[in-house]
Engineer: 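First the structure, which I've put down as structure tokens, then a few questions once you've had a look.
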Amino acid sequence: MNKKMSGWRNPHLWYITIIMIVLAVLYYLPGIITFMGGEAPNWFILNMPHDLHRALFFIPVLYAAYRFRMKGVIVITVILMLIFLPRALFISPYPFSLIRSILFIVGLYFSGFFFAIALNAITKRKKIAEKLRESEQKYRSLVEFADDPIYLLDKDCRYVSVNNALLSRLGLSKNQVIGKTFDNLHSPEEAREFAEKVNQVFETGEVVKYEHYNKHLDRWTIRTLSPIKDPHMGEVIAISIIAKDITEYKKVEEALRESEEEYRSLVESTEDSVYLMDRDCRYLFINNKHLSRLSLPKNQVIGRTYNEFHSKEETEGFTKIVEEVFETGNSIQHEHRSHKDNRYLLRTLSPVKNSKGSVTAVTVVSKDITQRKQVEEKIKYLSFRDVLTGLYNRNFFEEEMKRLNTQRKYPLTIVMTDINGLKVVNDALGHNKGDELLKNLAKVLKSVSREGDIIARIGGDEFAVILPRADENAAKAFCNRFRDACKRYNRKTQLKLSIALGYAVQSGQYKDMEKVLEQADENMYTEKLSDTASREKHIIDTLRTILATRDPHSGEHAERLQNLAEALGKDIGLSEFESKRLRLLALLHDIGKIGTPDAILFKPGKLSPKEWEIMKKHAEEGYRTAKNIPQLSCIADGILCHHEKWNGKGYPKGLKGEEIPILSRIISIVDAYDVMLTGRLYKKAMTKKEAIQELKGNAGTQFDPDLIENFLKILKIVENNH
């Protein structure tokens with residue numbers, strides 16, 4: 001009934017408004033007519049006493065209180081003040097009329113107030129009663145249609161109330177059950193058990209639960225006997241019983257028990273160690289296999305901690321993993337090597353969780369994988385080792401190059417070496433002797449290497465060594481130790497070791513280690529070519545002889561260039577292998593002239609533009625020749641660029657400044673100087689002073705200005721010495 005007053009669509013607002021307007025008009029109409037000089041009609045409703053007239057306003061007040069409660073009473077009271085007070089102040093005698101009006105308004109307010117309160121109380125009681133009826137109906141419906149039997153027994157164990165589930169189970173109607181005792185409807189054995197529980201409830205006044213098996217129906221129930229007490233005396237006057245069917249639960253429980261027995265049998269008979277640990281790494285369960293490993297009976301293990309049977313190191317690692325399983329709730333698998341019997345184990349640690357999802361223990365299954373690991377180690381050894389020498393093979397070497405190519409391993413050195421004349425040994429003495437030579441070289445390499453150095457056989461007669469954290473000095477020291485060791489070996493045997501060595505240092509200047517290996521290989525061939533005893537030396541001699549037949553000046557000119565170039569290279573700090581390449585470049589930089597026509601090569605006068613273009617081709621021809629001879633590929637770029645100029649106006653590529661290889665820049669200077677001093681068919685010889693002035697004049701255009709400064713300093717030293 002307590003509705004909102006807002007909204008013009010509410011009909012009760014319209015009814016109250018109409019009543020108020022009518023009553024207000026009737027209240028003021030006689031006075032208005034008299035005030036205007038007229039005579040009011042002689043109607044009772046217009047001429048009734050004011051108090052009686054006012055009493056009519058109880059109608060809207062009570063109506064508003066009935067429909068809108070206190071909100072309606074307050075609003076109507078305010079409107080009544082607006083209606084009564086003007087007449088009391090201006091029309092009726094003052095002040096008695098005002099006082100009477102105020103008292104009347106107050107009376108109207110309180111009458112509406114108490115009426116609204118009374119209505120609220122009546123409404124509340126009705127709602128409570130309605131809710132109680134609904135609740136009782138729901139409870140009764142819940143009990144009546146519940147799946148579990150629910151019934152009420154008095155002190156004599158007579159049925160007072162029963163639901164449909166019990167009637168259905170008994171196969172009887174309500175009339176056949178109500179008033180009967182429990183033992184009337186059940187077997188004596190069941191009745192005796194039930195009577196004991198009922199007496200316990202009446203004596204203690206507490207709830208009793210127990211499981212019961214019905215043989216006739218082959219079903220299990222759990223009965224809950226709850227006391228119903230007198231609210232005043234507190235004594236138990238009846239008992240309510242709920243009999244919940246738990247047959248399915250019992251079947252599941254039985255199945256779990258059987259499954260547990262099967263699992264226990266499986267765990268006990270498995271060849272894997274299985275045990276259960278708590279958070280303190282205390283043994284809660286252990287199978288026979290693990291007991292045999294510990295060589296102890298079960299009663300000496302259960303309840304004791306892991307650290308009592310294992311080393312401190314093993315315990316620390318195991319404890320961390322157990323803690324991680326407890327923290328994350330995830331299974332963890334890891335390999336472990338037992339210090340006790342040196343066996344490899346694959347452990348799987350799995351969490352045991354309770355119904356709330358919390359980890360309560362950790363199951364450990366430990367599988368012996370020793371045999372598998374031994375096979376893996378053997379396969380790994382064979383995949384990474386050279387079968388003949390026992391050194392690492394190329395695959396492993398390349399992986400190690402990538403792995404060690406980090407800033408913290410710099411400077412990193414790669415040393416390359418091979419056996420000179422291995423093919424001759426194989427052909428002359430047989431491959432057995434060749435293999436013996438390879439094995440002996442491997443032994444010598446091992447003897448001079450440090451722990452952590454990677455030694456590998458990367459080809460037929462090629463060996464490589466990675467020296468972590470080894471700079472130029474350490475690399476030289478290693479090579480010297482190796483050469484000395486080979487000399488000592490050669491003094492003891494007839495099958496001599498003849499080797500070539502080369503190395504390169506990675507300090508971060510190379511993008512990848514393949515470049516370092518290539519550089520070490522080039523340096524090795526540089527040494528091989530510079531070694532007068534090596535068989536590769538005949539290649540240089542042959543080319544030098546051919547070049548001498550094409551250019552009579554080339555022999556002496558090459559020797560002078562070698563000396564000048566070597567001096568300049570030493571002054572600017574070239575490495576050992578760069579110096580060797582520089583000497584080789586000084587000897588063969590004009591090798592491309594072998595293919596230049598005689599008419600152009602020996603022409604006494606100035607060359608025509610066409611002839612000059614042919615002449616310039618000798619740099620490219622020399623580059624191609626060197627590239628096609630593996631032993632000379634290390635100086636191919638030097639040959640190609642020895643006619644490039646510092647200002648970029650040289651040939652064949654027009655390189656500028658430091659784009660020109662350093663060896664080419666050196667040869668460009670010493671070659672020009674020697675030609676100026678000795679002269680050619682097309683050019684007269686200069687004096688030493690004129691040649692030096694020519695060099696100075698072309699510094700920064702044709703020649704590297706810094707190298708010119710170094711070269712002039714060398715010439716001055718030579719002149720002073722002479």
Side-chain angles (χ1 to χ4, degrees), residues 539-562 564-565 581-657 659-686 691 694-695 697-698 701-704:
I539 297 173
I540 299 172
D541 294 338
T542 301
L543 291 172
R544 186 177 177 183
T545 301
I546 295 171
L547 186 60
T549 61
R550 303 289 294 127
D551 184 359
H553 300 285
S554 63
E556 295 178 357
H557 173 64
E559 290 180 7
R560 291 192 298 272
L561 254 60
Q562 280 186 319
L564 289 171
R581 273 196 292 275
L582 183 60
R583 285 185 63 84
L584 193 61
L585 181 62
L587 191 65
L588 299 176
H589 66 282
D590 278 335
I591 194 175
K593 289 182 179 179
I594 291 174
T596 305
D598 291 346
I600 296 174
L601 189 63
F602 299 109
K603 185 176 180 179
K606 186 177 180 181
L607 298 177
S608 68
K610 187 176 180 181
E611 290 172 333
W612 178 240
E613 288 300 320
I614 295 172
M615 185 65 176
K616 286 196 297 184
K617 294 290 184 183
H618 82 276
E620 295 173 78
E621 291 294 334
Y623 171 79
R624 281 192 287 272
T625 300
K627 271 295 182 183
N628 288 327
I629 302 173
Q631 294 87 344
L632 298 181
S633 62
C634 60
I635 61 168
D637 287 333
I639 293 171
L640 180 67
C641 301
H642 77 281
H643 281 295
E644 298 285 355
K645 293 183 179 181
W646 185 258
N647 61 6
K649 294 183 179 180
Y651 65 87
K653 299 172 71 176
L655 300 180
K656 185 177 182 181
E659 293 176 351
I660 307 167
I662 182 70
L663 301 187
S664 299
R665 282 181 267 155
I666 292 172
I667 292 299
S668 175
I669 293 171
V670 297
D671 183 41
Y673 178 71
D674 188 72
V675 168
M676 284 188 286
L677 289 181
T678 57
R680 290 291 183 269
L681 291 172
Y682 52 86
K683 183 184 292 186
K684 291 182 179 181
M686 295 182 182
E694 187 73 16
L695 291 177
N698 287 283
T701 54
Q702 182 176 352
F703 308 118
D704 181 338

Engineer: What's the separation between atom CD1 in I614 and atom CD1 in I600, rounded to the nearest 0.5 Å?
Structural biologist: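 Result: 4.0 Å between the selected atoms.
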Engineer: Decide, yes or no, whether a salt bridge links K610 with E613 under the criterion of side-chain N to carboxylate O below 4.0 Å.
Structural biologist: no
Engineer: Is the side chain of Q562 donor-acceptor paired with the backbone N or O of R583 at a distance under 3.5 Å, no angle test?
Structural biologist: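 Yes.
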Engineer: Please identify each residue that fulfils side chain to side chain donor-acceptor pair (under 3.5 Å) with K627, with sequence neighbours left out.
Structural biologist: none
Engineer: Looking at every heavy atom in both K656 and W646, which two are closest together, and how far apart are they?
Structural biologist: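 That would be CG-O, 3.4 Å.
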Engineer: Determine the minimum heavy-atom distance between K645 and I660, stating which atoms define it.
Structural biologist: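 Closest approach of K645 to I660: O-CD1, 3.3 Å.
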Engineer: Salt bridge (Lys or Arg N to Asp or Glu O under 4.0 Å) for E621 and R624? Distances and angles first, verdict last.
Structural biologist: CA-CA 5 Å; E621 291 294 334; R624 281 192 287 272; 2.8 Å; yes
Engineer: Determine the minimum heavy-atom distance between I639 and G622, stating which atoms define it.
Structural biologist: CG2-C, 3.6 Å
Engineer: To the nearest 0.5 angstrom, please state how far the NZ atom of K603 sits from the CD atom of E611.
Structural biologist: 3.5 Å
Engineer: Side chain of E644, backbone of L655: donor and acceptor closer than 3.5 Å?
Structural biologist: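 Present.
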Engineer: Could you go through the side-chain contact (heavy atoms from CB on, under 4.5 Å) check for W612 and K606 one step at a time?
Structural biologist: CA-CA 9 Å; W612 178 240; K606 186 177 180 181; over 6 Å; no
Engineer: Do Q702 and N647 have side chains that get closer than 4.5 Å, going by heavy atoms?
Structural biologist: no
Engineer: How long is the span from the CG atom in D590 to the CG atom in L585, to the nearest 0.5 Å?
Structural biologist: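 Atom-to-atom, D590:CG and L585:CG are 9.5 Å apart.
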Engineer: Is any side-chain heavy atom of F703 closer than 4.5 Å to one of Y673?
Structural biologist: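 No. Closest side-chain heavy atoms not under 4.5 Å.
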Engineer: More than 12 non-hydrogen atoms from neighbouring residues, nucleotides or ligands closer than 6.0 Å to NZ on K617, yes or no?
Structural biologist: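 No, not enclosed.
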Engineer: Taking the ring centre of each residue, are H642 and H618 less than 6.0 Å apart?
Structural biologist: yes
Engineer: Specify the closest pair of heavy atoms between I635 and R581, including all atoms of both residues, with the distance to one decimal.
Structural biologist: CG2-O, 3.7 Å
Engineer: What distance separates D671 CG from R560 CZ, expressed to the nearest 0.5 Å?
Structural biologist: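 Answer rounded to 0.5 Å: 10.5 Å.
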Engineer: Taking atom CD1 of I667 and atom SG of C641, what is their separation to the nearest 0.5 Å?
Structural biologist: 12.5 Å
Engineer: Say you draw a straight line from CD1 of I666 to CG of L564; how long is it, rounded to the nearest 0.5 Å?
Structural biologist: 11.5 Å
Engineer: Under the 3.5 angstrom rule, does the side chain of S668 hit a backbone N or O of S664 as a donor-acceptor pair?
Structural biologist: no
Engineer: Could you report the tightest heavy-atom contact between V670 and L561, atom names first, then the distance?
Structural biologist: O-CD1, 3.7 Å
